[in-house]
Amino acid sequence: MTYNHQEVESKWAKKWKDSNLFVCNFDDSDQKFYSLFMFPYPSAEGLHIGNYFCFTVSDLIAKFKRLQGYNAFCPIGWDAFGMHSENYAIKIGETPQKMLSRTVENFRNQMIESGFGVDFTKEVDTTSKEYYKWTQWIFLKLLEKDLAFQKSSLLNYCPSCKTVLADEQIENGGCERCKTQPEKKEMKQWFFKITEFGDRLLDGLSDMDWSDITKSAQKNWIGKSKGAEITVKVDGLDKELTYFTTRPDTTFGASFITVAPELKDVLDLVLPEFVMQAQEYIAVSGAKSDLDRISDNKEKTGIFTGRYAIQPVTGHKLPIYISDYVLANVGTGVVVGVPAHDKRDFEFAEAFNLPIKRVISKDGSDSKISSVDDVYTQDGILLNSDFLNGLKVSDAITKIGEYIEEKGFGKRVTNYRLRDWCISRQRYWGPPIPVVHCDDCGVVPVPESQLPVELPEKLENWEPSGDGKGPLANVDEFINVPCPKCGKPAKRDADVTDNFLDSSWYMLRYLDPHNDSEIFNVERIKKWMPVDFYVGGNEHAVMHLMYVRFICMALFDLDLLPTENPFKKFRANGMLLKDGVKMSKSKGNVINPEEYGRKVSFDALRTYILFLGPLSEDRSFSEDGILGTRRWIDKIYKLLEKVEDKYLDSDDLLYLYNKTNKEVVIDLDEHKFNTVVAKLMELTNALIKQEKISKEVFEGFLVMVAPFLQFLAEECYSQLGNTDSVFNASWPKLDESKLVKSSIVVVVQIAGKVRAKLQVSPNITQEEIQKLALENSDVQKWLDGKEPKKVIYVPGKLVSVVV
RNA sequence: GCCUGGGUGGCGGAAUUGGUAGACGCGCAAGACUUAAAAUCUUGUUUCCUCGUGAAGUCCGGGUUCGAUUCCCGGCCUAGGCACCA
């Protein structure tokens, strides 16, 4: 009896799809389980193994929950707007619409043949009018709430992608997509005020059941720092400067002030005789990219302005310098230099021969700071600091904070690294920004009733032009519209929104994908949200996952969501490597799921990649390894011959069967798929040793195996005479009474080493077992006549004899 | 530099309210079946030695404990995030 996987798998894949087996009925929400994976952009290459892995995890959890009696929902959709698709379409000389209809079809078919239990009837496509109408609606809602605004600022402009990039899209100083170094351009763009949610985004993390690695990335990205803003007067000028510091306690150690070269009106600070040099310095540093400035950080450069600032607390006159180690967009763009307690300030002070005064030391004693290594940044006691002397750092921070506020010298503030989300893109392939610019009325939102603002379909020259305007600016019939307010000729916004906006609410639309009168039915959303389990790559830790949280907070505030956190549980999956190295097309080591489906079966592939290791860790795929899961399939299939209707299974088997059941449930809820597979394999090995197996136990076993070896389980279940799907069966009932053993093994340790094993009744008393242990001949030999000092008994486990 | 993870056989990895280290799988070796091979089945597989009722062993060095992969202190390596962030 050999198992023909190709025949079996294609048969059931078709049946599952045709019978709508995995279609979810939303009306039944008492025991709902929403399992979600990060939806893909349908690339031309088809289903990538990384996608396949992530889908498998979500699908497996959904199937498990379904078997446990939950109404499980596992949807699919296409994140098809954005530069991925647009750039590829440009490359192959096709329009994105045309290309996508083909690639989506391909993706869908691959998912069906892999046996994914996703509900295709709830499919969502971010590029459809029915979807992006509501993406635009969200924009309008945020505009209404003052969370969307236009701002002109220095932005990162990618000359290759021909659009501005969000801060999050800069990686190691380059564009995350094409690695091109972005140019700084002054442009007027739309932003979402994500910074207003900085604290909520940060505080929310603490009680979220998300991967630590993801939470840590978000925390670092938000970059909250507490400190103080202190205002200093510029001597001889009617001008003030405000600097931000996290260490106001070091105020008495300040010896200079530094301002960023890009700071507005910086030249006003400079004395006439220094202006020439200053202009030159500003020009030179302005020509450097951020990356250069960071990499040339060996030596501190700068220029003296000739001016001094009066520090209000100390009354000291501090020289003002311009230096490019200070960045205009960080804090206030003005920094106070405390060389004794900051390495950068020390380097600067050394280069410019400025005083270095210690104001903190471990025990309050003074000693000279003569090299960078002496710079003292730890906790300690204040000295040389007037009214702060003798205080601990934390107390000094509190005291001076109160002091400056009382005297009006400054205030305590919280700073964030997080920047507002720039959402304008000068591209074609996205939802047009639904506003009209009118000479008389200014920015006028498109009325809701006129949504969607349709992206023109048949368009010549839809590629980005690179002139800083989106390609839509040249489409007259699109761009020229009457102002919705006054009716005079006006122009639409020519930009489209960032792709990340599309994906920041898709999990909501899945729950009501065909609703054309509202974004979704709020009642249903409140029953089905949050998503119970979300899985995807950690490369989305800061962008996608931060934006989703932001959008959901905004929608929550509009009373459209039951919680502000959309994902009850999120797990980042590790990367799949091939023989220990990263897969890439250029290396030619890309794993194609279809190929392995054909060779060894989708069941074996699916189970193998889960068996490789813990979900969060990178795992290494090998050609040989996958044979192990394929062998497992064959072993189970052969067991069919042993199944007998009313067979009485042995106690030992029933013990293992129930123990496995119990442990598998626990491990699956903790997503420890590798150990679940190991335990099911162990049970399989025990079943192989049986003469016969009862139908009841074998069917229960098939149900436990079904989330992994889905096609095999269905086939065996059907061969046993069942007409319904194994996925309509229920999880086997746990029989606790079978988990009690008639005898247990207790080990005896002498000086911490195992020297004997005793087979005893589980109800044995401490006295009895101690007596047995000490009488044991092996124990006697090891004791060698010595008297035990102490005997420790761990019930059911061991006896430890101390000599 | 700061913030998160991780470090266990030839390999992927199991085991934590501190209690038999190496489950499960891969690979390898030997045997069975076969004319032969593949497949399959059986057995073995942490290392070392003087082969035993032996010793050592979970990145390294200390500590707590009858007992430490697990807890504490110090260090090394590694993956990810942030970074002249003031």
Side-chain angles (χ1 to χ4, degrees), chain A residues 2 211-225 227 243-247 250 258 260 290 293-298 300 323-327 329-338 342-345 347-348 377 415-417 538-539 541-542 572 574-575 577 579-580 607-608 611-614 616-629 631-632 634-635 638 672 674-682 684-685 688 745-757 777-779 781-782 788-803:
Chain A
T2 51
S211 308
D212 286 341
I213 190 170
T214 311
K215 292 210 259 186
S216 149
Q218 291 217 341
K219 191 177 163 223
N220 290 335
W221 187 261
I222 295 167
K224 180 175 181 168
S225 56
Y243 65 79
F244 173 76
T245 175
T246 55
R247 294 295 304 277
T250 61
T258 323
D290 281 357
R293 261 162 84 162
I294 293 163
S295 55
D296 316 336
N297 68 0
K298 302 280 177 282
K300 296 281 178 283
S323 172
D324 67 5
Y325 88 92
V326 178
L327 306 172
N329 59 352
V330 174
T332 58
V334 182
V335 167
V336 64
V338 184
D342 183 288
K343 292 193 176 176
R344 296 155 302 181
D345 295 347
E347 285 162 0
F348 192 84
T377 54
N415 228 358
Y416 297 91
R417 215 201 63 99
N538 206 47
E539 66 274 18
V542 280
M575 228 188 331
L577 311 170
D579 302 315
T607 305
Y608 176 61
F611 183 49
L612 276 173
S616 61
E617 302 290 308
D618 291 349
R619 65 257 344 274
S620 179
F621 185 101
S622 84
E623 296 270 340
D624 288 332
I626 200 168
L627 295 174
T629 45
R631 283 178 197 135
W632 188 33
D634 291 329
K635 283 178 185 175
K638 277 190 197 137
K672 291 159 83 178
N674 52 334
T675 61
V676 174
V677 173
K679 281 162 188 169
L680 290 169
M681 282 176 167
E682 245 179 298
T684 307
N685 292 341
I688 288 167
V745 174
V746 171
V747 301
V748 184
Q749 289 185 343
I750 298 167
K753 303 229 184 263
V754 178
R755 298 302 187 187
K757 290 179 185 183
S777 60
D778 287 341
V779 174
K781 268 178 215 163
W782 279 98
K789 235 188 256 173
K790 196 169 147 195
V791 181
I792 295 153
Y793 177 52
V794 182
K797 292 217 165 127
L798 59 76
V799 177
S800 184
V801 183
V802 188
V803 283

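Letters A, B, ... mirror the listed sequences (proteins, then strands); counts begin at 1.
- You'll find a donor-acceptor pair under 3.5 Å spanning the side chain of A:Gln749 and the base of B:rG19, going by distance alone.
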For residues 331-338 of chain A, dump all side-chain donor-acceptor pairs below 3.5 Å to protein atoms at least two apart in sequence or in another chain.
residue, atom, partner, partner atom, Å
A:Thr332, OG1, A:Thr242, O, 2.6
A:Thr332, OG1, A:Val334, N, 3.4

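- Checking B:rC84, B:rA86, B:rC24 against every side-chain atom of A:Thr245, the shortest atom distance belongs to B:rA86.
- Nearest nucleotide to the side chain of A:Tyr325, out of B:rA23, B:rC26, B:rC84: B:rC84.
- In this model, no donor atom of one side chain and acceptor atom of the other lie less than 3.5 Å apart for A:Ser225 and A:Asn415.
- In terms of the ring pair (Phe, Tyr, Trp, His ring centres under 6.0 Å) criterion, residue partners of A:Phe348 (sequence neighbours excluded) are, by chain and number, A:Phe256, A:Tyr321, A:Tyr325, A:Phe352.
- Taking side-chain N and O atoms only, A:Arg631 has no distance below 4.0 Å to OP1 or OP2 of B:rG25.
- In this structure, A:Val754 reaches the sugar-phosphate backbone alone: every heavy-atom distance under 4.0 Å involves primed, P, OP1 or OP2 atoms, never a base.
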Exercise. Using a 4.0 Å heavy-atom cut-off, write out nucleotides 3-15 of chain B from 5' to 3' as B (base contacted by protein), S (sugar-phosphate only) or - (no contact).
Key: BSS------BSSS
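- The side chain of A:Asn685 contributes no N or O atom lying less than 4.0 Å from OP1 or OP2 of B:rA23.
- Across all strands, A:Ala217 comes closer than 4.0 Å only to sugar-phosphate atoms, never to a base (heavy-atom distances).
- Here A:Arg755 reaches the OP1 or OP2 of B:rG54: one of its side-chain N or O atoms lies under 4.0 Å away.
- For the OP1/OP2 pair of B:rA56 and a distance below 4.0 Å, the side-chain nitrogens and oxygens of A:Lys753 include at least one atom meeting the criterion.
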